[in-house]
Amino acid sequence: MLDLRYVAQNFDEVVARLSRRGTVELGEFKRLFGERRELNVQIEKLRSESADVGALLSPGKQPVTREVRGTSYVQPLGDEQKNELRALSKELKEKSKDLEGKLKEIESQLDQILLTVPNLPHASVPEGRSSEQNVVVRVVGERPQFDFEPKPHWEVGESLGILDFERASKISGARFAVYKGLLARLERALASFMIDVHTSRGYTEVLPPFLVNRASMTGTGQLPKFEEDSFKTCGDPELFLVPTAEVPVTNLHRDEVLEGDQLPIKYCAFTPCFRREAGSYGKDTRGLIRQHQFQKVELVKFCRPEASYDEHEALTADAEEILKRLGLHYRAVSLSAGDLGFSAAKCYDLEVWLPAQQTFREISSCSNFEDFQARRANIRFKPSAKEKPQFVHTLNGSGLAVGRTVVAILENYQQKDGSVLIPEVLRPYMGVDAIRKA
RNA sequence: GGAGAGAUGGCCGAGCGGCUGAAGGCGCUGGUUUGCUAAACCAGUAUACGGGGACAACCUGUAUCGAGGGUUCAAAUCCCUCUCUCUCCGCCA
């Protein structure tokens, strides 16, 4: 979330920057902020008074002198004075309790607003309201040529007998798939390959819980706004199935103060991801593109604020490395302000070429969240032993979405005879050079 | 599922109704001493939000001893509820 005081002090600027995304939802922020300050001052005054009363009534080692309500009291006190002060203290407590109630109400309203306001887009983010205005920053590799009509991945998979949507829907419903034989192995091979590449490049592998609590979901920005997108366990304890490893991995350091020289911290994690895909009823109903459950290797970084944009480029390059090694044609696009995710200040999508649809599809999304998640999740670092802790910057990106990588391989490496070649780098993991009809 | 124990500052650990933001230790920072290292000694060492000051140093107010309520003139300390952690038994893997 955004910093309360920053918003208050730079209100117009914040509104202007948010409006690049489209809607601005700051509601009654200004009025509430003013009331909050006023109440705070009043409450502190009352408390200070009652602390004086407390000191006078307490049998301390040294005699105490205090001025309360214009009268000065000197210990030792007479009974009458004591009774006076006791009565006053009660009154003060009641008053401040009353005001505290009001303050609480206002703070929760302010919180509500801040928790649902998205991050400010970075200056380098392209102008625009939708994906139409995303800017292609580079195109890598060559579009594969086919001397036959390339089939969509679901046809490739089903005709090889390694992909089964019908049985998946019997077991679970729409938007699920069953992989069999070498396709199941391909998923495993890809995950291992990706993790091996990333760990060799300085990422620490993490296997986190796949069920997380509400605080974790709030920390990374999924809640409170997008609850309908997630799967939730019923009752007690209330847990959410992770929509991405970003959630558990970023929350590894929630409420922690990291040492400055530990940074940057780089993690990678292979996990399943669960998404309701609410509101996407007509979209991508065929194939593996949009599933309720898929697997992903995620990269997560914690770094110093001044390093985050360099780290963002580097993280994107790390994700791209996988595509390059797999020989897949792709492009990188910088998302326009309006297409940016809720928590992101800047985001590159990597889009892989899918020949059957003659289109690029998102296979990775690499975001810099600046301190937006760190503030929600309270993740700080000490720049040096002497300095105060400050919020880290967090980043993450898919490296890559494994399910969609399977799609890309099935489509780009399909052969005229219906078989699928295995990219060179995966062969040690697969033990075969192609998937052929049994 | 049954029976217990506990949650205090970066960490360990006292305190169990009243100048206690909280002893002591460790760690950390600065200094002294020292051929280097080590050690010893001295000093400093929480965070947040207000007010003053130059959005500096600094001064000052308030809050914070797992969370929330209650008792009391006064709560880290007493009571209630919740959360989490740990130990033992059972159960499952």
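Proteins come first, then strands; the chains are lettered A, B, ... in the order of their sequence lines, and each starts at number 1.
- Using modelled atom types, one finds no donor on one side chain facing an acceptor on the other under 3.5 Å when comparing A:Ser131 with A:Asp339.
- A donor and an acceptor atom, one from each side chain of A:Glu277 and A:Gln291, are nowhere located under 3.5 Å apart.
- Between the side chains of A:Gln373 and A:Thr394, at least one donor N or O sits under 3.5 Å from an acceptor N or O.
- B:rU77 and B:rU64 have their P atoms separated by 11 Å, with the value rounded to a whole Å.
- For B:rG17 and B:rU71, the C1' atoms lie 11 Å apart once the distance is rounded to whole Å.
- Taking 4.0 angstrom as the limit, A:Arg86 places none of its side-chain polar atoms (N or O) nearer than this to OP1 or OP2 of B:rA74.
- In this structure, B:rC92 makes no Watson-Crick or G-U wobble pair, since no nucleotide meets both defining distances under 3.5 angstrom.
- Spacing between B:rG18 and B:rG10 at atom P, rounded to whole Å, works out to 25 Å.
- Rounded to whole Å, atom C1' of B:rA74 lies 13 Å from atom CG of A:Leu92.
- For the P atoms, the distance from B:rA38 to B:rA43 is 22 Å, rounded to whole Å.
- Pairing of B:rG6, defined by two Watson-Crick or G-U wobble distances under 3.5 Å, is identified with B:rC84.
- Within 6.0 Å of atom CD in A:Glu306, more than 12 heavy atoms from other residues, nucleotides or ligands are found, so the atom counts as buried in its surroundings.
- Here, B:rA75 and B:rC65 have their C1' atoms 11 Å apart, quoted to the whole Å.
- Atom pair A:Leu77:CG and B:rA74:P shows a separation of 16 Å (rounding to whole Å applied).
- Using P as the reference atom, B:rG70 and B:rA7 are 24 Å apart when rounded to the nearest Å.
- A close approach under 4.0 Å does occur between a side-chain nitrogen or oxygen of A:Ser48 and OP1 or OP2 of B:rU62.
- The pair A:Glu228-A:Arg276 does not meet the salt-bridge criterion, since no charged nitrogen lies less than 4.0 angstrom from a carboxylate oxygen.
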Name every donor-acceptor pair, under 3.5 Å, that has one atom in a side chain of residues 183-191 of chain A and the other anywhere in the protein, sequence neighbours excluded.
| from | atom 1 | to | atom 2 | distance (Å) |
| --- | --- | --- | --- | --- |
| A:Arg185 | NH1 | A:Met430 | O | 2.4 |
| A:Glu187 | OE2 | A:Gln295 | NE2 | 3.1 |

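- The base-pairing partner of B:rG30, taking Watson-Crick or G-U wobble contacts with both distances under 3.5 Å, is B:rC42.
- Nearest nucleotide to the A:Arg36 side chain, out of B:rC49, B:rA63, B:rA74: B:rC49.
- Applying the Watson-Crick and G-U wobble criteria (two distances, each under 3.5 Å), B:rC78 pairs with B:rG70.
- Listed in residue order, the members of residues 94-113 of chain A having a heavy atom less than 4.0 Å from RNA chain B are A:Lys97, A:Lys104.
- For the pair A:Arg66 CZ and B:rC19 P, the computed distance is 12 Å after rounding to whole Å.
- Note on A:Arg5: a side-chain N or O is less than 4.0 Å away from OP1 or OP2 of B:rG50.
- Applying the Watson-Crick and G-U wobble criteria (two distances, each under 3.5 Å), B:rU20 pairs with nothing in any strand.
- A:Asn213 has its CG atom 20 Å from the P atom of B:rG66, to the nearest Å.
- As a whole-Å value, the separation of A:Arg380 CZ from B:rU47 C1' is 7 Å.
- Atom CD of A:Glu44 and atom P of B:rG52 are 13 Å apart (whole Å).
- In this structure, B:rU47 forms a base pair with B:rA63, meeting either the Watson-Crick or the G-U wobble geometry with both donor-acceptor distances under 3.5 Å.
- Under the Watson-Crick or G-U wobble criterion, with both distances below 3.5 Å, B:rC55 is left unpaired in every strand shown.
- B:rU37: no Watson-Crick or G-U partner with both key distances under 3.5 Å is found in any strand.
- Using a 30° and 60° split on the angle between ring planes, A:Phe302 and A:His253 fall in the perpendicular class, above 60°.
- Residue contacts for A:Leu57: at a heavy-atom cut-off of 4.0 Å it reaches a base atom on one of the strands shown.
- Within 4.0 Å of A:Lys45, counting heavy atoms only, lies no atom of the nucleic acid at all.
- Taking every side-chain heavy atom of A:Arg47 into account, B:rA63 is the closest of B:rG50, B:rA63, B:rU72.
- Checked by atom type, the side-chain pair A:Glu370/A:Tyr309 shows a donor-acceptor distance below 3.5 Å.
- Between the P atom of B:rG50 and the CG atom of A:Leu39 lies a distance of 14 Å, rounded to the nearest Å.
- B:rA23 and B:rA14: their P atoms are spaced 14 Å apart (whole Å).
- Using P as the reference atom, B:rG27 and B:rG35 are 24 Å apart when rounded to the nearest Å.
- Residues A:Arg36 and A:Leu110 have side chains in contact (heavy-atom distance under 4.5 Å, counting atoms from C-beta outward).
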